[in-house]
Amino acid sequence: MPDDKLIIAGIEFKSRLWVGTGKYRDFEETRRAVEASGADVVTVSVRRVNIIDRGKENLLDHIDPKKYKILPNTAGCYTAKDAVRTAMLAAEAGISKMVKLEVIGDEKTLFPDNEATLEAAAILIKEGLIVLPYMSDDPIMAKKLVALGCPAVMPLAAPIGSGLGIRNPYNIRIIMETVKTPVIVDAGVGTASDVAFAMELGCDAVLLNTAIAGAKDPIKMAEAMKYGVLAGRLAYKAGRIPRKLYATASSPIEGMIGT
Amino acid sequence: MLITVNGEKKETPEGLTISGLLQFLKVQSERVAVELNLDIVKKDRYSTTPVKEGDSVEIVSFMAGGRD
């Protein structure tokens with residue numbers, strides 16, 4: 001679908017599948033999985049440089065920033081202050097001003113702290129950053145974040161790493177009706193059909209990590225996710241048939257023998 | 001002089017700038033961001049920003065991680 005482009009804050013994205021880089025066995029596996037997924041956005045975290053052991057390889061030696069859009073996140077931040085600090089450092093170190101904002105509410109659920117997310121988003125947008133916020137599947141939250149100036153929203157499908165799939169498709173639909181910005185499902189998908197389902201709902205993209213990195217064969221799953229996104233998007237564009245309780249024959253009655 | 005780098009106490013030569021410190025630590029200045037006493041130092045200021053005794057420096061970069 002060459003005319004079916006995803007554009008956020010003037011940036012054009014080639015793929016509607018975005019992938020994280022955590023939990024892989026090594027950088028080589030990360031590289032192969034990212035490649036197999038066809039993703040052009042790759043999320044990374046912002047962490048202290050190891051100043052003791054400088055011989056260690058760096059992720060970006062394997063994931064070429066010229067080939068992929070590197071999207072830094074504020075994963076692991078539990079306060080607006082830490083998230084702002086991390087995002088500002090990411091913007092300073094990075095190639096673009098686009099960051100994925102996440103402020104986590106608690107360790108058990110890893111649900112976002114929506115209040116702190118709003119606070120951090122307001123500060124970062126004032127500082128000139130392009131903020132893509134991770135949020136709960138709450139249409140009101142989406143509305144508030146877009147009002148602040150977020151060019152897209154990233155509601156969760158289910159808790160991070162849970163693999164439960166889209167637990168509340170109705171909320172995701174209401175979010176899409178509530179905001180005019182792209183909606184990117186983030187977190188909680190488990191397999192290719194979850195991704196396809198998200199895209200069939202009309203979501204603009206899906207971001208995932210564990211579903212690929214945690215699969216028995218991450219490279220195969222990465223490829224499956226690629227097709228899941230493509231199939232779901234095409235089905236959405238094609239427009240599915242309505243659900244009906246009773247059968248409708250697909251073969252004509254006319255010309256049947258014995259009539 | 002004694003400074004703190006990424007939370008660790010570190011003995012370094014006197015009179016370093018941020019550029020000098022990165023060289024001393026063998027850290028490439030591309031793809032990193034530096035905070036000096038909680039303030040971000042812009043890349044074009046690395047060679048003119050001095051590091052003093054007792055300063056706290058954070059050097060960060062992009063690592064694996066994403067949507068878990």
Side-chain angles (χ1 to χ4, degrees), chain A residues 18-24 26-27 30 41-52 54-55 58-63 65 70-73 75-76 85-86 88-95 100 102 110 134 154 156 159-162 186-189 206-214, chain B:
Chain A
W18 296 10
V19 295
T21 51
K23 295 186 178 172
Y24 285 99
D26 50 38
F27 289 142
T30 315
V41 178
V42 174
T43 64
V44 296
S45 60
V46 180
R47 294 289 181 271
R48 283 171 165 170
V49 168
N50 186 337
I51 54 161
I52 317 282
R54 293 301 309 133
N58 188 278
L59 172 72
L60 294 191
D61 296 331
H62 297 261
I63 304 292
I70 306 297
L71 179 64
N73 61 36
R85 195 176 160 200
T86 304
M88 293 299 291
L89 281 166
E92 179 59 26
I95 306 113
K100 201 196 124 195
E102 47 186 288
L110 296 179
Y134 165 60
M154 307 187 74
L156 54 81
I160 291 173
S162 69
D186 180 9
V189 302
V206 177
L207 170 57
L208 55 87
N209 185 350
T210 307
I212 295 178
Chain B
M1 61 183 173
L2 191 64
I3 61 170
T4 305
V5 184
N6 288 353
E8 307 269 341
K9 296 271 183 238
K10 191 97 187 162
E11 190 61 44
T12 71
E14 297 292 322
L16 286 179
T17 59
I18 294 290
S19 292
L21 176 66
L22 291 175
Q23 267 172 30
F24 172 73
L25 296 170
K26 297 186 174 66
V27 173
Q28 290 189 333
S29 61
E30 62 198 43
R31 293 185 204 148
V32 299
V34 176
E35 245 185 22
L36 177 61
N37 302 323
L38 299 179
D39 286 322
I40 289 178
V41 183
K42 298 267 178 199
K43 279 192 176 23
D44 57 8
R45 299 279 176 83
Y46 284 1
S47 57
T48 52
T49 305
V51 183
K52 295 182 210 71
E53 172 86 29
D55 276 352
S56 179
V57 182
E58 290 282 346
I59 307 166
V60 301
S61 190
F62 299 131
M63 306 286 165
R67 163 49 54 238
D68 304 291

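Everything numeric here is computed off the predicted structure, so don't read it as measured data. Just so it is clear: chains get the letters A, B, ... in the order the sequence lines come, proteins before strands, and each one is counted from 1.
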Heavy-atom pair of closest approach, residues A:Arg48 and B:Gly7: NH2-N, 3.6 Å
Lys/Arg N to Asp/Glu carboxylate O, A:Arg85 vs B:Asp39, below 4.0 Å: no
Sidechain-backbone polar pair: B:Asn6 side chain, A:Val49 backbone, donor-acceptor under 3.5 Å: yes
Sub-4.5 Å side-chain heavy-atom contact between B:Met63 and A:Val44: no
Most contacts with chain A, counted as non-hydrogen pairs under 4.5 angstrom, among B:Lys43, B:Glu35, B:Lys10, B:Gln28: B:Glu35
From OG (B:Ser61) to CG (A:Leu60), nearest 0.5 Å: 6.5 Å
Chain A contact via B:Leu25 - which portion, at a heavy-atom distance below 4.5 Å: both
A:Ala90, part contacting chain B, at a heavy-atom distance under 4.5 Å: both
Qualifying residue for side chain to side chain contact (heavy atoms under 4.5 Å, CB included) with B:Phe62, from A:Leu71, A:Val42, A:Val46, A:Asn73: A:Val46
Pairwise distance CG(A:Leu89) to CD1(B:Ile40) - rounded to 0.5 angstrom: 4.5 Å
